[in-house]
Amino acid sequence: MPVTRFSPAGLQPGTPYDHVAIGTGTRHVHISGQIARSAEGKPIAINDLAGQVAEVLRNTARALAGAGASFDDALRLTFYDRMGARKDRTFHGRDRSGG
């Protein structure tokens with residue numbers, strides 16, 4: 001599905017995301033919520049939020065690849081943190097994911 005991303009004038013510049021994403025096409029893939037677990041189901045990066053985020057994103061990349069897609073095809077990612085962690089640690093995990 002082709003995705004066009006952009007940030008219109010008047011919105012905050014320099015964010016690590018685009019403010020608008022427009023997807024066109026007829027095929028939609030929905031990935032279930034991912035957690036920081038190995039392929040064997042073992043917890044990854046216990047007590048390391050950035051490490052957990054990195055593993056979640058690697059697992060998400062695997063799920064997307066299984067559908068023949070990548071993060072370039074994604075319109076939306078939603079993060080839930082039940083511990084109320086800071087955004088800087090979450091984005092550090094994104095950077096550590098290799099994606």
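Positions are given from 1 along the sequence. As the structure is a computational prediction, the values presented were derived from the model and not from experiment.
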Quiz prompt | Partners passing side-chain hydrogen bond (donor to acceptor under 3.5 Å, both in side chains) against Gln12 (at least two apart in sequence or in another chain) | solution = none
Quiz item: Of all heavy-atom pairs between Ile44 and Ser38, which one has the smallest distance, and what is that distance?
Solution: CG1-N, 3.6 Å
Quiz item: Same cluster for Leu77 and Leu64 if Ile/Leu/Val/Met/Phe/Trp/Tyr side chains link at under 4.5 Å?
Solution: yes
Quiz prompt | Non-neighbouring partners of Arg37 that pass salt bridge (Lys or Arg N to Asp or Glu O under 4.0 Å), sequence neighbours left out | solution = none
Quiz item: With sequence neighbours left out, which residue pairs that include part of residues 61-70 fulfil the salt bridge (Lys or Arg N to Asp or Glu O under 4.0 Å) condition?
Solution: Glu55-Arg62
Exercise. Determine the minimum heavy-atom distance between Val3 and Ala21, stating which atoms define it.
Key: CG1-CB, 4.2 Å
Quiz item: Do you know which two heavy atoms are closest between Ala67 and Val29, and how far apart they sit?
Solution: CB-CG1, 3.7 Å
Self-check item: Thr15: partners by side-chain hydrogen bond (donor to acceptor under 3.5 Å, both in side chains), with sequence neighbours left out
Solution: none
Quiz item: Short question: side chain of Arg5, backbone of Asp72 - any donor-acceptor pair under 3.5 Å?
Solution: yes
Practice problem: Using side chain to side chain contact (heavy atoms under 4.5 Å, CB included) as the criterion, list what pairs up with Thr4, not counting sequence neighbours. | Solution: Phe6
Quiz item: For Ala65, which residues count as a side chain to side chain contact (heavy atoms under 4.5 Å, CB included) partner, sequence neighbours excluded?
Solution: none
Practice problem: Kindly say whether Ala45 contributes a backbone atom to a donor-acceptor pair with the side chain of Gln52 at under 3.5 angstrom? | Solution: yes
Quiz item: Taking only residues two or more places apart in sequence or in another chain, which ones pass side chain to side chain contact (heavy atoms under 4.5 Å, CB included) with Ala63?
Solution: Ile31
Exercise. Check whether Phe79 and Phe71 end up in the same hydrophobic cluster, where Ile, Leu, Val, Met, Phe, Trp and Tyr are linked by side-chain heavy atoms less than 4.5 Å apart.
Key: yes
